[in-house]
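Notes to accompany the following structure.
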2 protein chains.
Amino acid sequence: MIREACPTLAPQRREHIRLLVRESGVARVEDLRRELKVSVATIRRDLEVLEEEGKLRRVHGGAVSTENRLDEAVFDDKTNQFSKQKRAIAEEAYQLIGQEESLFLDGGSTTLCLARLLKNRNDLTVVTNSLRAAAELANSEPRVILTGGELRKISQTMVGPLTSAVLSQVRVDRAFMGTMGFCLKNGLTTTDPNEAFVKGLVAEQAVQVVLLADSSKAEKVSFARVSDWDKVDILVSDQKLPPIFTKSLPKRGLKVCVV
Amino acid sequence: MIREACPTLAPQRREHIRLLVRESGVARVEDLRRELKVSVATIRRDLEVLEEEGKLRRVHGGAVSTENRLDEAVFDDKTNQFSKQKRAIAEEAYQLIGQEESLFLDGGSTTLCLARLLKNRNDLTVVTNSLRAAAELANSEPRVILTGGELRKISQTMVGPLTSAVLSQVRVDRAFMGTMGFCLKNGLTTTDPNEAFVKGLVAEQAVQVVLLADSSKAEKVSFARVSDWDKVDILVSDQKLPPIFTKSLPKRGLKVCVV
DNA sequence: TTGTTTTTGATCGTTTTTGATAGAATTGCA
DNA sequence: TGCAATTCTATCAAAAACGATCAAAAACAA
């Protein structure tokens, strides 16, 4: 006989698992199997469902609770998706940073990758309008300055007149910017005008502007214009960047790095 | 046999290490190996991961803490410690809030409790200089405005001149404040002058100031003066509040709620 | 009943984690 | 400085855990 009668309904069993994980914070697959008297395959499937529902987080050997914890709960959506490319881009960008600099990080997952790389640098000042970047750096070495302003929930960034007011009070050596799309004709564009305005303001003020944008953003045009190419000094992208950019942009005075 | 069954999940073990390092400030690889009953190789790998996450810094022979822990203790601990009282206080404070109001929340675990209660209110505007409160509200209904400013790591709040600049641009109906200590003679005090300055500024500008402070703060005096009692309109505390406060403060025009 | 869908358990090849080992690097001490 | 002891990194192999797949059992519908 391959299958035994099932004593509990699946949703009931999953609820049981959820409670076990929440109570102790962790649960191992093997323990759950013994507790619930089902095969490990079933446990794994249940964990998969529960993770999909956000009830817990799977780890090798079992699962851990997701309740509480600010830093991990907030992230993990877009961040892991294209992380390889983005991380490579972030690492390349990191090389640009010198000693004792002041930096600006705007919102976006690539700049968030970069934030992670800055954690042990106690010589840097990081200005950001990204709540995620701030949370990432909240317990690390660099000095962190938040721009303030109204929180735009969808991007977890601060925008608006209050943001502008603070930005006018600071000066950064290097600004690392993301974008929703870029093309030769329209330059950098993004969905939200408020967001675009802040980005534009930073691009004006920073000594050097570094655009971090993987190739999926190439030739995309969005609603709100951020800035033209002449404000950008360096573009860091990946190898799939269309050749037209590597050819044209240097003629306009930009440096292009592909990783 | 090369490998034994793993009794604890990797993230659990790493959390254990993190706490050990944070408590004593340092930990040697050999000690951790004995405590956790795994090989030194595993300990080293864990330390590597934790360092990557910025939770600690590796040194020859072990690791040292990067998370600063002074008298203000680490936040998560505080959140759980007196959570019952604090939650009761927060719930009482919540009753004060009307429709369509603008509120200020400052740092501290009690105000964080209050933030949780506001999540489903789409008619409110919440101004805060607390990164944790902002993170708590980041994916919820209320409009959120961050003050900006330099991030004070230990309290996870924004302070300094940039914060003041933004605060001067907004007006709130009700400010909910925490404090490190309060007494009749010195009013409200806290450890950090920057923090105190921001609190004082808010207290000046808010239409109504509500102090959320459990009885453990009573008769405590800290270094930096926040404000005198005449700026405070309501004190919400618990039943263990010394009677002297319930007697004296109403004479000074304050309302005192004990829960 | 019969036919269909869903759920479960077993198997197998792959990935991840762990522990051991060896050579390089660092530290402490003379 | 030189030497010994300790600790680190890199690498490999064993064990455990994993995902994909398939077939049996159960639940369901007509």
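These numbers come from a predicted model, not from an experiment. We use all heavy atoms of the structure for the numbers below, so side chains are in, but hydrogens, waters and symmetry mates are not.
Nucleotide C:dT7 holds its C1' atom 16 Å from the CG atom of A:Leu47, rounded to whole Å. Atom C1' of nucleotide C:dT18 and atom CG of B:Leu9 are separated by 14 Å, given to the nearest angstrom. Atom CZ in A:Arg13 sits roughly 8 Å away from atom C1' in C:dT7 (whole-Å rounding). Summarising the geometry, the separation between CG on A:Leu32 and P on D:dA16 is reported as 18 Å, rounded to the nearest angstrom. Note: CZ (A:Arg14) to P (C:dT8) measures 7 Å, nearest angstrom. If you take CD1 of A:Ile43 and P of C:dA10, they are 13 Å apart, rounded to a whole angstrom.
Each end of the helix from C:dT1-D:dA30 to C:dA30-D:dT1 gets its own rotation axis from five pairs of C1' atoms, and the angle between them is 40° to the nearest 10 degrees.
Nucleic acid contact for B:Val40: none, since no nucleic acid atom lies under 4.0 Å from a heavy atom of the residue.
Side chain of B:Thr42 to main chain of B:Val38: no donor-acceptor pair is present (N/O by atom type, distance under 3.5 Å, no hydrogens or angles). Checking side-chain atoms of A:Ser222 against main-chain N and O of A:Gly181 turns up no donor-acceptor pair under 3.5 Å. Put simply, the side chain of A:Lys153 gets close to the backbone of B:Pro142: a donor and an acceptor are under 3.5 Å apart.
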(message) Within the 4.0 Å limit for protein heavy atoms, which parts of nucleotides 4-11 of chain D are touched? Write it as a string from 5' to 3', B for base, S for sugar-phosphate only, - for none.
(response) ---SBB--
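A side chain to side chain donor-acceptor pair (under 3.5 Å) with A:Thr157 is found for exactly one of A:Glu150, A:Arg152, A:Glu195, A:Lys199, namely A:Glu195.
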